[in-house]
Number of protein chains: 2
Amino acid sequence: MKAAERQLRIRQMFESRDFLDLETLCRELDASESSVRRDLDILEQEKILRRVYGGAVSLQAPPSRAFDYAVESVRLSDEKDRIGRLAAGLIEDGQTVILDGGSTVAAVARELATKSLHIVTNSLPIAEGLEALRNIELTLTGGYLDPRHRVMLGPFCEQMLGAIRADTLIMGIGSITEAGFSNNNTLVVGSEQKMIEVAGKVIIVADHTKFGRGGMIPVAPLSAVHTVVSDKDLAPEYIDLLRTNGIEVLLA
Amino acid sequence: MKAAERQLRIRQMFESRDFLDLETLCRELDASESSVRRDLDILEQEKILRRVYGGAVSLQAPPSRAFDYAVESVRLSDEKDRIGRLAAGLIEDGQTVILDGGSTVAAVARELATKSLHIVTNSLPIAEGLEALRNIELTLTGGYLDPRHRVMLGPFCEQMLGAIRADTLIMGIGSITEAGFSNNNTLVVGSEQKMIEVAGKVIIVADHTKFGRGGMIPVAPLSAVHTVVSDKDLAPEYIDLLRTNGIEVLLA
DNA sequence: ACCAACGATGAAAGCTGCTGAACGGCAACT
DNA sequence: AGTTGCCGTTCAGCAGCTTTCATCGTTGGT
């Protein structure tokens with residue numbers, strides 16, 4: 001790799017991270033320590049970054065440019081934030097991940113910003129939050145745009161989902177009972193079932209208020225899901241219910 | 001391969017990458033190192049790129065996509081507004097209309113806001129502009145999201161377009177010559193051809209600067225289009241060219 | 001149709017500047 | 001104070017740059 005290309009890629013890497021250590025840079029760029037140091041020197045002269053002991057920190061605009069819409073409009077609760085961070089930790093670089101709509105999933109998406117992923121989503125807010133990131137390759141499902149939830153739905157969406165395979169699905173849900181997962185919004189159910197069908201691993205994110213209350217439209221039985229991420233206020237009976245059904249339960 | 005063709009293809013290659021090394025260019029263009037160097041020299045003089053050790057970096061590279069989109073929409077905005085208004089007048093309530101990306105088409109979309117329509121688009125900016133309107137039913141195509149132009153492209157997009165029929169297509173274009181319509185952005189051509197295929201009536205919107213200059217990738221012959229909407233500065237020879245090919249020409 | 005002039009092309013030569021490894025010094029931590 | 005890890009410097013090796021030149025195809029003129 002040539003010097004100019006390395007420097008461009010370093011700049012790109014700083015778009016999603018505000019600190020990078022030398023070892024990571026050497027590995028990612030497949031270059032020697034010396035060369036990376038020289039690159040960092042040059043970029044420091046250009047005021048792109050500041051060299052610090054062990055690596056460099058970004059001098060550019062704060063990295064929270066992406067997803068500032070979420071802070072403004074949705075105002076994520078602490079719980080959702082913590083759930084998001086925990087769920088994002090389950091995702092590894094290089095995976096293909098499906099994200100459905102919903103504010104809890106948006107909290108996960110925000111935490112995924114630093115990873116290198118291929119993301120498939122039917123949610124416009126999530127797409128808008130991730131589209132500027134160079135480390136994320138983004139594919140939208142298409143379909144009828146529900147103006148209320150800003151998600152794409154319907155036969156076109158389902159048909160497109162049927163044509164892909166994903167490592168992991170991260171999905172929000174309206175309610176969880178012993179009968180399974182269900183939703184109150186009729187329109188999204190078809191797409192969600194298709195998402196479950198094409199994903200290798202299914203992760204449900206849901207705060208504790210979603211448990212016990214009855215949903216209208218069944219989405220999937222408990223057996224369809226591999227992992228549920230919720231918060232510490234989840235009643236033990238539900239933890240037991242999920243675990244006896246072979247579901248991994250994580251509490252943020 | 002001729003020098004001019006090589007240089008055009010180099011410009012094209014920089015649409016999807018911001019750095020290209022010499023070896024890659026020689027291989028892709030099937031030309032000697034010397035010739036590629038000479039091409040790069042010329043393109044550097046034209047401020048298209050900057051030569052650097054080991055290759056060249058794009059000078060068009062807009063780090064902020066919002067910026068160059070803004071620039072493009074400000075440029076010629078008067079003309080585009082008028083074209084938009086005129087083209088929107090061709091659309092009747094109740095139709096299904098496909099809108100492709102591009103700032104001229106966005107100008108049409110603004111003028112469509114008062115009509116009752118079913119709109120299909122692969123453009124995120126257009127979708128964002130129309131999604132809140134109750135009189136517009138909006139369907140997105142899906143596909144890979146090109147972060148630079150904020151349009152959805154690729155096989156998923158084309159597949160979805162193949163599954164629909166529309167009354168009218170409104171499309172922007174890179175260039176118009178007697179050889180037909182063409183574009184400089186390779187990626188969008190596939191989707192645009194599919195759009196033409198499934199639309200009953202094809203309307204091209206293009207200000208006069210798009211005429212005569214050579215485009216790289218052919219999109220469609222003149223015969224594929226029914227109406228062209230341009231501005232009053234369009235040279236008479238091009239008006240004749242279009243009319244003798246049976247195309248309706250409207251000047252805003 | 002032929003030939004000369006021109007520009008474009010690709011190979012070779014010599015030079016420039018980048019690269020990675022090695023070494024010694026310095027900062028942080030024990 | 002000792003150890004570990006990081007930094008800056010130096011230097012040989014080589015990849016890439018510029019220049020030059022022979023060759024080829026094209027153009028324009030006779």
Side-chain angles (χ1 to χ4, degrees), chain A residues 1-60 63 93 114 134, chain B residues 1-61 63 175 177-179 182 184 186 212-218:
Chain A
M1 187 171 322
K2 314 291 183 284
E5 187 179 3
R6 280 201 313 271
Q7 287 160 30
L8 278 168
R9 289 192 51 182
I10 291 172
R11 295 172 70 146
Q12 288 169 15
M13 289 167 81
F14 271 113
E15 282 177 17
S16 58
R17 275 158 282 217
D18 43 9
F19 174 83
L20 283 165
D21 68 302
L22 213 70
E23 192 200 333
T24 307
L25 285 165
C26 291
R27 185 162 27 82
E28 293 286 320
L29 302 168
D30 193 28
S32 74
E33 212 174 271
S34 304
S35 297
V36 174
R37 283 183 206 287
R38 275 185 279 261
D39 293 334
L40 292 180
D41 276 339
I42 291 164
L43 291 172
E44 180 167 38
Q45 281 189 319
E46 293 175 9
K47 311 282 185 209
I48 305 297
L49 49 81
R50 189 162 51 84
R51 293 196 57 186
V52 295
Y53 198 86
V57 294
S58 176
L59 225 50
Q60 300 292 77
D93 273 10
T114 57
R134 300 193 102 116
Chain B
M1 190 180 310
K2 299 283 168 53
E5 187 184 356
R6 280 201 312 271
Q7 287 162 30
L8 239 67
R9 288 190 51 179
I10 292 172
R11 296 171 71 145
Q12 168 207 341
M13 289 167 80
F14 271 113
E15 281 176 18
S16 53
R17 272 163 286 196
D18 38 15
F19 174 86
L20 283 166
D21 69 303
L22 215 73
E23 194 199 332
T24 306
L25 285 165
C26 291
R27 187 161 24 82
E28 295 285 322
L29 302 169
D30 193 29
S32 75
E33 215 174 86
S34 303
S35 298
V36 174
R37 283 184 205 286
R38 276 185 276 263
D39 293 333
L40 291 181
D41 275 339
I42 292 164
L43 291 172
E44 180 168 38
Q45 281 189 321
E46 293 176 9
K47 312 280 187 213
I48 305 296
L49 49 81
R50 194 175 86 246
R51 292 196 57 189
V52 294
Y53 196 90
V57 294
S58 175
L59 222 50
Q60 319 273 69
S175 73
T177 66
E178 57 191 2
S182 53
N184 284 320
T186 6
R213 69 185 191 190
M216 191 165 34
I217 320 290

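Not measured: the values here are computed from a predicted model. These numbers come from the heavy atoms of this one structure, side chains and all, not from hydrogens, waters or symmetry mates.
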Holding to salt bridge (Lys or Arg N to Asp or Glu O under 4.0 Å), I want the full list of residues that pass it with B:R6, two or more places apart in sequence or in another chain.
B:D39
Tell me which donor-acceptor pairs under 3.5 Å the side chains of residues 20-31 of chain A have, and how far apart each pair is, sequence neighbours excluded?
| unit_1 | atom_1 | unit_2 | atom_2 | d |
| --- | --- | --- | --- | --- |
| A:D21 | OD1 | A:T24 | OG1 | 2.4 |

Axis-to-axis angle for the helix from C:dA1-D:dT30 to C:dT30-D:dA1, ends of five pairs each, to 10°, equals 30°
Does any residue of residues 34-43 of chain B have a heavy atom under 4.0 Å from DNA chain C, and if so, which ones, in number order?
B:S34, B:S35, B:R38
Encode nucleotides 23-30 of chain C as B, S and - characters from 5' to 3', where the letter depends on protein heavy atoms closer than 4.0 Å: B to the base, S only to sugar-phosphate, - to neither.
----B---
First of B:V52 and A:V52 reached from the 5' end of DNA chain D, by closest nucleotide:
A:V52
Provide the start and end nucleotides, 5' to 3', of the part of DNA chain D that has atoms under 4.0 Å from heavy atoms of chain A.
D:dG5 to D:dG16
Any N/O pairs under 3.5 Å between the protein and nucleotides 5-7 of chain C? List them or say none.
none

A:E5 CD to C:dC18 C1': how many Å, rounded?
15 Å
All salt bridge (Lys or Arg N to Asp or Glu O under 4.0 Å) counterparts of B:R50, not counting sequence neighbours:
none
With the side chain counted from C-beta on, respond yes when A:I10 and A:I48 share a heavy-atom pair under 4.5 Å apart, and no when they do not.
no
Between B:A56 and B:L40 the two heavy atoms that sit nearest each other are CB-CD2, 4.1 Å
Nearest heavy atom decides the nucleotide; on that basis, is A:K2 or A:G54 closer to the 5' end of DNA chain D?
A:G54
Can you list the residues that meet the side-chain contact (heavy atoms from CB on, under 4.5 Å) rule with A:L8, with sequence neighbours excluded?
B:D18, B:F19, B:V57
With sequence neighbours excluded, tell me which residues meet salt bridge (Lys or Arg N to Asp or Glu O under 4.0 Å) with A:R38.
none
Examine C:dC18: is either OP1 or OP2 under 4.0 Å from a nitrogen or oxygen in the side chain of A:R6? Give yes or no.
no
Excluding sequence neighbours, so at least two apart, what forms salt bridge (Lys or Arg N to Asp or Glu O under 4.0 Å) with B:R9?
none
Looking only at heavy atoms, the pair that brings B:R37 and B:R51 closest together is NH1-NH2, 3.7 Å
Contacts to DNA chain C from residues 22-32 of chain A, heavy-atom cutoff under 4.0 Å, which residues?
A:S32
